[in-house]
J.: 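Take a look at the following structure, please.
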Amino acid sequence: MPGSSRFVMPISVLAVSLLVLTGCGSSGTSTPASGASTESGTSPAGQTITVYSGQHEQTVKALAADFEKRSGIKVALRSGDEAELANQLLQEGKASPADVFYAENPPALTVLENQGLLAPVQADTLKAVPAGDSSPKGDWVGVSARTAAFVAAGGKGADTAPPASVLDLAKPEWKGRLGIAPSETDFAPVVTEVIKSAGTDGAKKWLEGLKANAKVYQSNEDLSAAVNSGEVEGGVVDHYYWYRLRDEKTAAGTHSKLHYFAKGDPGALVDVSGAAVLAAGKHQQAAQAFLTYLTSTPAQQLIASSESYEYPLVAGVKGKSELPPLNSIGSVVAPGDLGDGKQALQLLQDTGLLA
């Protein structure tokens, strides 16, 4: 989710767009940056691109500033929840002022791709990262990766005997000990992986078990803090939430630990963030340059060293030394396997975990 100063827009906002797509209008609140102009075949330096970003705000601000210095292209950044921004893009359609969409999870990008709103990414940009980390159609490029993990209150049963599988969390022994944040866009890909492992009926029973066992939180930050304080024993979050909480609380104030599920488990989800150029954007060349920058070594090094605690995707760029090697946890789930997330969102609604 976006960085430290963020609001939470439930994933059900995107679910509405997925399940009942409405006609595209121009109801957005963003306006094109002053001085922006259409492409004229000249250098894009001096132009301003508008970037809708659902990624960590502080890191994206640093990336935008570095890109501006290197390219001479200015960035007007709009940060928010990726579900809300994807919904905004669906509503705006071809009238959107956005040139780039930078999302935290593949399903939000796939929704826009399926509606024909994305432009093909330049071939050289796609080649900068492993082929399986980007859109199978080439309409968006992978930028960074993260993994789902289990955060446990230190010294509690969830820590001393963590779940062997994410599927175990639906068992009766976890009743009253668990927290979940089902409205987070990070949660739906985990549900998709459970569907692949246990089938639709099995995934529905799993969600019903979670609903019976868990206290619901509005965000992964809230869930991580609740585990750290001992309010609940554990919960599933993306790994970086724990590292960011540790930085905030310092070692003395951190009373939780991170556990990773075994390779092959639905909870060992390794997911990517990605970026796309909007097909109707007015600054195609400049927008493509931004994607090329995101997959360059300088940008990947900035991501790797930032407070986001994400894994870079470009070969030769290493993540923070305190992070376990990504290949020790699992491999990136093919974006095509995650699809548009519609089935996962439907199950979350059917079980009452989303309105």
Side-chain angles (χ1 to χ4, degrees), residues 1-2 8-22 52-55 80-91 101-118 132-137 139-148 166 180-204 206-207 210-211 216 218-220 236-238 266-276 330 332-355:
M1 310 303 287
V8 177
M9 178 62 70
I11 195 173
S12 53
V13 171
L14 184 55
V16 171
S17 298
L18 287 166
L19 302 176
V20 188
L21 280 171
T22 58
Y52 283 15
S53 172
Q55 264 289 56
D81 181 271
E82 70 173 347
E84 188 254 357
L85 292 172
N87 187 54
Q88 185 74 37
L89 287 165
L90 287 169
Q91 292 179 338
F101 180 44
Y102 189 7
E104 189 174 19
N105 295 283
L109 289 156
T110 301
V111 169
L112 301 180
E113 182 178 58
N114 290 344
Q115 293 301 306
L117 296 178
L118 305 183
D133 296 351
S134 300
S135 160
K137 297 179 181 178
D139 287 342
W140 58 267
V141 64
V143 177
S144 58
R146 90 299 300 257
T147 178
V166 74
I180 56 173
S183 65
E184 283 274 14
T185 52
D186 300 330
F187 191 70
V190 177
V191 178
T192 298
E193 286 298 284
V194 173
I195 293 171
K196 286 169 54 182
S197 175
T200 303
D201 290 342
K204 185 175 182 180
W206 178 71
L207 288 173
L210 293 188
K211 184 179 180 182
V216 173
Q218 291 300 307
S219 70
N220 282 329
V236 178
V237 298
D238 278 347
L269 168 72
V270 181
D271 200 1
V272 295
S273 300
V332 172
V333 174
D337 290 345
L338 292 177
D340 61 9
K342 180 177 179 179
Q343 191 176 19
L345 295 172
Q346 183 68 68
L347 284 182
L348 285 165
Q349 291 182 320
D350 290 347
T351 54
L353 287 170
L354 285 180

J.: Quick one: are Ser183 and Gln218 in side-chain contact, heavy atoms under 4.5 Å?
T.: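 Yes, side chains in contact.
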J.: I'd like to know if the side chain of Ser134 and the backbone of Val141 have a donor-acceptor N/O pair within less than 3.5 Å.
T.: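 Not a single qualifying donor-acceptor pair exists.
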J.: Which heavy atom in Pro106 sits nearest to a heavy atom in Leu338, and how many Å separate them?
T.: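 The pair with the smallest heavy-atom distance is CG-CD1, 4.0 Å.
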J.: Tell me whether Trp206 contacts the main-chain N or O of Val166 through its side chain, where contact means a donor paired with an acceptor under 3.5 Å.
T.: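 Yes; judged by distance alone, with no hydrogens or angles, the pair exists.
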J.: How far apart are the closest heavy atoms of Asp271 and Pro189, and which atoms are they?
T.: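 Scanning both residues completely, I find the closest heavy atoms to be OD2-CG, 3.8 Å.
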J.: Any heavy-atom pair between the side chains of Phe187 and Leu348 that's under 4.5 Å?
T.: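 Side chain of Leu348 against side chain of Phe187, heavy atoms only: contact under 4.5 Å found.
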J.: With a 4.5 Å cut-off on side-chain heavy atoms, are Val191 and Leu345 touching?
T.: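 No. Closest side-chain heavy atoms not under 4.5 Å.
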J.: Which heavy atom of Tyr102 sits nearest a heavy atom of Ala275, and at what distance?
T.: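 Closest heavy-atom pair between Tyr102 and Ala275: CD1-CB, 4.0 Å.
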J.: Using a 4.5 Å cut-off on heavy atoms from C-beta on, say whether the side chain of Leu90 contacts that of Leu112.
T.: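 Sidechains of Leu90 and Leu112: in contact.
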J.: Go through Asn114 and Lys137 one step at a time and tell me if the side-chain contact (heavy atoms from CB on, under 4.5 Å) criterion holds.
T.: CA-CA 10 Å; Asn114 290 344; Lys137 297 179 181 178; 3.8 Å; yes
J.: Under 4.5 Å between any side-chain heavy atoms of Pro335 and Thr110, yes or no?
T.: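 The answer is no, as the side chains (C-beta and beyond) never meet within the 4.5 Å cut-off.
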J.: So, for Val332 and Val272, which heavy atoms are closest and what is the spacing to 0.1 Å?
T.: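 Val332 and Val272 have their closest heavy atoms at CG1-CG1, 3.4 Å.
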J.: Are any of the side-chain heavy atoms of Glu84 and Thr185 separated by less than 4.5 Å?
T.: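 The answer is no, as the side chains (C-beta and beyond) never meet within the 4.5 Å cut-off.
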J.: Does the side chain of Leu353 reach to within under 4.5 Å of the side chain of Ile180, using non-hydrogen atoms?
T.: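 Result yes, sub-4.5 Å side-chain heavy-atom pair found.
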J.: Could you walk me through whether Lys204 and Thr351 pass side-chain contact (heavy atoms from CB on, under 4.5 Å), step by step?
T.: CA-CA 7 Å; Lys204 185 175 182 180; Thr351 54; 3.9 Å; yes
J.: Can you tell me how far the CG atom of Leu85 sits from the CZ atom of Phe101, to the nearest 0.5 Å?
T.: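 Taking CG in Leu85 and CZ in Phe101, the distance rounds to 5.5 Å.
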J.: If we ignore hydrogens and angles and just use 3.5 Å, is the side chain of Ser197 paired with the main-chain N or O of Glu193 as donor and acceptor?
T.: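 Not at all, since once roles are kept as given, no pair shorter than 3.5 Å links the two residues.
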J.: Are the side chain of Asn105 and the backbone of Pro107 linked by a donor-acceptor contact shorter than 3.5 Å?
T.: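 Between the backbone of Pro107 and the side chain of Asn105 there is no qualifying donor-acceptor contact (under 3.5 Å).
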J.: Val237 versus Asp186: any side-chain heavy-atom pair under 4.5 Å?
T.: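 The answer is no; the side chains never approach within 4.5 Å.
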J.: Atom CG in Asp133, atom OG in Ser273: separation rounded to 0.5 Å?
T.: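 That separation rounds to 11.0 Å.
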J.: Roughly how far apart are Thr192 OG1 and Lys342 NZ, rounded to 0.5 Å?
T.: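 Between Thr192 OG1 and Lys342 NZ, I get 13.0 Å after rounding to 0.5 Å.
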